[in-house]
There are 2 protein chains.
Amino acid sequence: MTDEQVKQAEQNGQVEQVRRFNRTVAERVGVLHDHYLGGARPYGQARLLWQIGDEGTHDVRDVRARLGLDSGYVSRLLRALERDGLVAVEPHPGDRRVRTVRLTEAGREERALLDDRSDALATSLLAPLDARQRDRLTSAMAEVERLLTASVVSVEVLDPDHPDAVYCLRSYAAELQEIFDSGFDPAHSRLPDPGELRAPRGLFLVAHLHGEPVGCAGLKLPAGAPAEIKRLWVCPGARGLGLARRLLSELEERAARHGSELVRLDTNKALKAATRLYRNSGYTEVPAFNDEPYAHHWFEKRLTPVTR
Amino acid sequence: MTDEQVKQAEQNGQVEQVRRFNRTVAERVGVLHDHYLGGARPYGQARLLWQIGDEGTHDVRDVRARLGLDSGYVSRLLRALERDGLVAVEPHPGDRRVRTVRLTEAGREERALLDDRSDALATSLLAPLDARQRDRLTSAMAEVERLLTASVVSVEVLDPDHPDAVYCLRSYAAELQEIFDSGFDPAHSRLPDPGELRAPRGLFLVAHLHGEPVGCAGLKLPAGAPAEIKRLWVCPGARGLGLARRLLSELEERAARHGSELVRLDTNKALKAATRLYRNSGYTEVPAFNDEPYAHHWFEKRLTPVTR
DNA sequence: GTCATTACCTGACTAAGGTCAGGGAATGAC
DNA sequence: GTCATTCCCTGACCTTAGTCAGGTAATGAC
């Protein structure tokens, strides 16, 4: 958000609204949370119990990493849960330094209980409302959740050989293979070699959510030719967050800063959402400017030059 | 919510949605809350500082009651704030057992700082979003907040002489006085005497939010005549929560349980929102059935008899 | 075999948030 | 004037949620 936009948001009362929301929600949900989920078990233990999960054994170090807790603290929490017979801790068969943990029968019951309480909390919020209000509350909640999730997605430049970038490119190829009538074989496509998506000849963006890569987009910046967008992909679980749009405008901005006046891209007719995005974002369809065998549509957009 | 409705809500995935919301949003907001507002001052002290408020002196016992904290604990917190020169505690002039507390200049500054941090938190949530997403986020937040507030409003039968009932009736009269072209003088109106809004001849509902009365509605149940709704009012600050509709249907339900087959009411043309509510709730306009001088419209609704 | 590293455990410690049982001063009811 | 009550303060105590500095056993690199 620029300073300009901050001011704008304040004038709209948006900041005020968000603050009110934080107060109301944090307090109401918080209080109920304590009321319903408290009592049974200290929060730390409950979190751990939850994270261990119903089935299978887990390495203690993984659980610890996911919760971001101190090793000593987790050790103590595990001792407490073990004492109550809720978890079983055993050495890892392959590496006897590592310890694994799984829920016992009693542990699964206790976890189910937490589940029930969580349901009860949700029900208590819905209970006083009539059917119409409930519908509106849940859709508004979904919207808030979606947008707040979107707001913690980070986008950064990564080398196309970075594991997260590779993961995205593989997922992208796998998905096209799935979707295209003709299948998709990267060997037949005008696949940019990694060098083209790396400074100074281009760049590659990767979006992360909670540390996981969830989307990517590549930009070719050939000398003396229009910029070209390649490999714009958002993982299925992160769609609907406006992430593709964000990646697209980030690329456009960087292309403009680089001095490009025109940005082009090609796409397949099976990628309907992408095609819609391009049209909505000011791209106009143009005749084929390359011989990409998998492309059905070619687009371009004129960029407003950066002045400073 | 009836058992039937609980099942329905579960099928809709509404409970699941609310749970996801609680996890994602409450946690994210909570964590950020701690991150931004933590640091400076322990949460307990910050809460107290906030509750004391910018201006005026407050009885310690009131502050304590509003926060629902232990007397000893508050005493200690106040000592800490006093030590840092943020509050001044003085005996109450009228009753020297009671102590009063007010913010010092430094205290007001510290509180403003909490304010700024709260703004910073809000801004950090809005920052990664574009203007359209920000608009959608804030309106969804407003909706969630509104409906969560609505869900903590309680409605109960109160004697019309109860202070909260009296407060509502006075506010109702004052508001009509303001709104009606002709003004409003209860002495000229067919004011039901309190006995008519009290068992067995009727009843009076009062809605509370955080312990404050925020709305009311009266029902006359004359023997051998249709039930009659009187004095339906919702305080300005609590409008838009669907409270009037809730009070109305609660009265209808009680009238039906009492055996009434018809419920009637009269209203003034200046009360546009109310008139709309009646029409939307299945009331049909009928000729005047009384000589209430302030009424322009008369409505009735046939009730479905209660079978059990 | 040596040595650094990894994964975990333990003991010592801290801060926050809170409860509980008195005790003293002021007040109100009688 | 007596006595119960109210309001507050204090000291003692508790749990939770951590952090930090070692220490130990197992492992992998050389």
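In what follows, chains are A, B, ... by sequence order, proteins preceding strands, each numbered from 1.
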Practice problem: Please report the shortest heavy-atom distance between B:Pro160 and B:Arg198, naming the atom on each side. | Solution: CD-NE, 4.0 Å
Quiz prompt | Side-chain ion pair, A:Arg102 and A:Glu90, N-O less than 4.0 Å | solution = yes
Quiz item: So what does B:Val60 touch, heavy atoms closer than 4.0 Å: a base, only the sugar-phosphate, or nothing?
Solution: sugar-phosphate
Quiz prompt | Presence of salt bridge, A:Arg136 and B:Glu143, under 4.0 angstrom | solution = yes
Self-check item: Atom-to-atom span, CZ of B:Arg61 to P of C:dA26 - whole angstrom
Solution: 16 Å
Could you list the protein-to-nucleotides 27-30 of chain C atom pairs, N/O on both sides, closer than 3.5 Å?
residue : atom : partner : partner atom : Å
C:dT27  : OP1  : B:Arg96 : N            : 2.9

Quiz item: Of the options A:Leu125, A:Thr138, A:Leu148, A:Val144, which is the one that meets B:Phe21 in a side-chain contact (heavy atoms from CB on, under 4.5 Å)?
Solution: A:Val144
Quiz item: Nucleotide by nucleotide, 5' to 3', does protein get under 4.0 Å of the base (B), only the sugar-phosphate (S), or neither (-) in nucleotides 13-18 of chain C, counting heavy atoms?
Solution: ---SSB
Quiz item: Could you state the interatomic distance from CG (B:Leu48) to CG (B:Leu69), rounded to the nearest 0.5 Å?
Solution: 7.5 Å
Quiz item: For A:Leu48 and C:dC8, what is the distance between atoms CG and P respectively, to the nearest whole Å?
Solution: 12 Å
Self-check item: Value in whole Å for how far the P atom of D:dT10 lies from CZ of B:Arg83
Solution: 11 Å
Quiz item: What is the distance from atom CZ of B:Arg41 to atom CG of B:Leu86, rounded to the nearest 0.5 Å?
Solution: 4.5 Å
Quiz item: With sequence neighbours left out, what residues match A:Ser75 under side chain to side chain donor-acceptor pair (under 3.5 Å)?
Solution: A:Arg79
Practice problem: Provide, to the nearest angstrom, the distance between the CG atom belonging to B:Asp59 and the P atom belonging to D:dC8. | Solution: 7 Å
Quiz item: 5'-most contact on DNA chain C: A:Val98 or A:Gly72, nearest heavy atom basis?
Solution: A:Val98
Self-check item: Rounded distance in Å - CZ (A:Arg64) to P (D:dG18)
Solution: 15 Å
Exercise. Nearest whole angstrom, please: distance from the C1' of C:dC8 to the CD of A:Glu90.
Key: 16 Å
Quiz item: Checking side-chain contact (heavy atoms from CB on, under 4.5 Å) against B:Val60, which of B:Val98, B:Thr100, B:Leu78 comes through?
Solution: B:Leu78
Quiz prompt | side-chain contact (heavy atoms from CB on, under 4.5 Å) partner of A:His58, chosen from A:Arg66, A:Arg64, A:Arg99 | solution = A:Arg66
